[in-house]
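Below is one structure, written out as structure tokens; the observations come after it.
When a ligand or atom number is given, it counts from 1 through the structure's own listing order. In this text, all values refer to a predicted model and were calculated from it rather than measured experimentally. The figures here come from the full heavy-atom set of this structure, side chains too, leaving out hydrogens, waters and symmetry mates.
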Amino acid sequence: MSTTLAPASPTTSADALGTSAARARSAVLEVRIHEDPGRFRVLTGDRPTGRLHLGHYFGTLRNRVRLQDLGVELFVIIADYQVLTDRDIADDLTAHVEELVLDHLAIGVDPERATVFTHSAVPALNQLLLPFLSLVSVAELNRNPTVKDEIAHSRQSAVSGLMFTYPVHQAADILFCKANLVPVGQDQLPHLEVARTVARRFNDRYGDGTPVFPVPDALLSEAPLLLGTDGTKMSKSRGNAVSLAASADETARLVRGARTDSERHIVYDPAGRPEVASLLLLAALCQGRTPEEVAADIGSAGASALKRTVTESVNEYLAPVRARRAEYGRDRAYLRRVLREGNERARAVADATLAEVRTAMRSHY
Ligand code: ATP
Ligand code: MG
């Protein structure tokens, strides 16, 4: 497996996604979060299409727990409707949803403080989609580079309306709870731009001087685009991922098969040697060191030594997460209770926001 900050494909080039601006903005936000965590509310989430992996972990999950522990209120959406953006049937949905809850508990999300909920259980959230759709043009949706990339990887021969409107749906996910901070990977930046546009336009059109919605910011991590074993974005649906739940042996096997290059001397050169740089970054994140330091340790020992280091670092780093995962996994009733309570909390928040939206739109009869 390899990780890099380089683009995954021409349609998701770093420039098109505004990554450098988002990185600079993230640094400013970090300072503000530390000054006053109570000013922030986070919404973020995942599609229940499979197990969460290292790309999720270093791209967004680690930030979720860190923000929660700093005192930021956290909402985690399990986006079950959005599974259908790129396939006809949502296979094993119940199992995938439970596995996502399990992953979050294992990494340290605390259901007493955080709200973990499913899309389909919060009807008022989905009702925001209709007015929001009126705020964006078809041309704007057509330009979205992440939608283009997801269409390219879709399992469907035709693009559904749900795929096309995915970013607007996501705007509803974020804005229903008035989140102002969204810790995401690089692929989500164009979607977040749509959410920002929707918030601004709704406020301009209906706000009457008082904004109804905050304009949310993306928060990027040090690894906003981790690549999978095949050198493209690590993804649940592309069969190229090392999942958090993988065993130590499975991790070793997957890392051994990761793409590298033929140069023996290991140096950190993200632009020239993205695969090697990615592996170095992954080991460095697990060890709490810099990729340059990890590279200096390995020197001329070559790619196989690098892969051994990556495997050991990942397995050591994830050992406590995997142990907690196994423990929580024995109590399925608890997982379902976490979700039930999260759904209730999310419904109350969504109902209140929808009432406000109706008032603002003069449709409160
Ligand atoms: P799918 O293939 O089903 O779309 P996915 O692996 O792309 O799955 P999502 O549920 O779409 O995962 O994404 C959840 C969150 O994780 C998003 O914020 C996304 O940006 C982030 N993320 C996903 N993959 C990576 C990755 N390889 N590197 C960094 N962040 C990632
Ligand atoms: Mg995805």
- Message: So is H153 touching ligand 1 or not, going by heavy atoms under 4.0 Å?
- Response: no
- Message: With respect to G185, determine whether any N or O atom, backbone or side chain, lies less than 3.5 Å from an N or O atom of ligand 1.
- Response: yes
- Which is closest to atom 19 (C) of ligand 1 by heavy-atom distance: V184, D187, L52? D187
- Per-atom contacts, ligand 1 versus M234 - under 4.0 Å to a heavy atom: 24 (N), 25 (C), 26 (C), 27 (N)
- Note on the structure: Of R64, E150, K233, H56, the residue with the heavy atom nearest atom 12 (O) of ligand 1 is H56
- Which of these, L354, T353, I77, sits in a side chain to side chain contact (heavy atoms under 4.5 Å, CB included) with L125? I77
- Note, L102 side chain near R332 side chain (heavy atom, < 4.5 Å): yes
- Query: Counting only heavy atoms, which portion of L226 has something under 4.0 Å from ligand 1: side chain, backbone, both, or neither?
  - Reply: both
- Query: Of T60, L220, I78, which has the heavy atom at the shortest distance from atom 21 (C) of ligand 1?
  - Reply: T60
- Item | Charged N-O contact under 4.0 Å between D46 and K236 | no
- Item | Numbering as shown, the atoms of ligand 1 that approach Q188 to under 4.0 Å (heavy-atom distance) | 17 (C), 18 (O), 19 (C), 20 (O)
- Message: Taking distance alone, with N or O pairs closer than 3.5 Å, would you say A223 contacts ligand 1?
- Response: no
- Task: Would you indicate which of Q186, K236, R238 comes nearest to atom 10 (O) of ligand 1 when only heavy atoms are counted?
- Result: K236
- Note on the structure: Note: A114 and Q68 closest approach over all heavy atoms is CB-OE1, 3.8 Å
- Over 12 non-hydrogen atoms of neighbours within 6.0 angstrom of CD in E316: no
- Sub-4.0 Å heavy-atom contact, G45 with ligand 1: yes
- Nearest candidate to atom 29 (C) of ligand 1, where distance is taken over non-hydrogen atoms, out of G55, S235, A241: G55
- Message: In this structure, does ligand 1 have an atom that sits under 4.0 Å from one of the heavy atoms of G228?
- Response: no
- Task: Considering only NZ, NE, NH1 and NH2 on the basic side and carboxylate oxygens on the acidic side, decide whether E356 and K178 come within less than 4.0 Å.
- Result: yes
- Query: Between R238 and D230, is there a side-chain N and carboxylate O pair less than 4.0 Å apart?
  - Reply: no
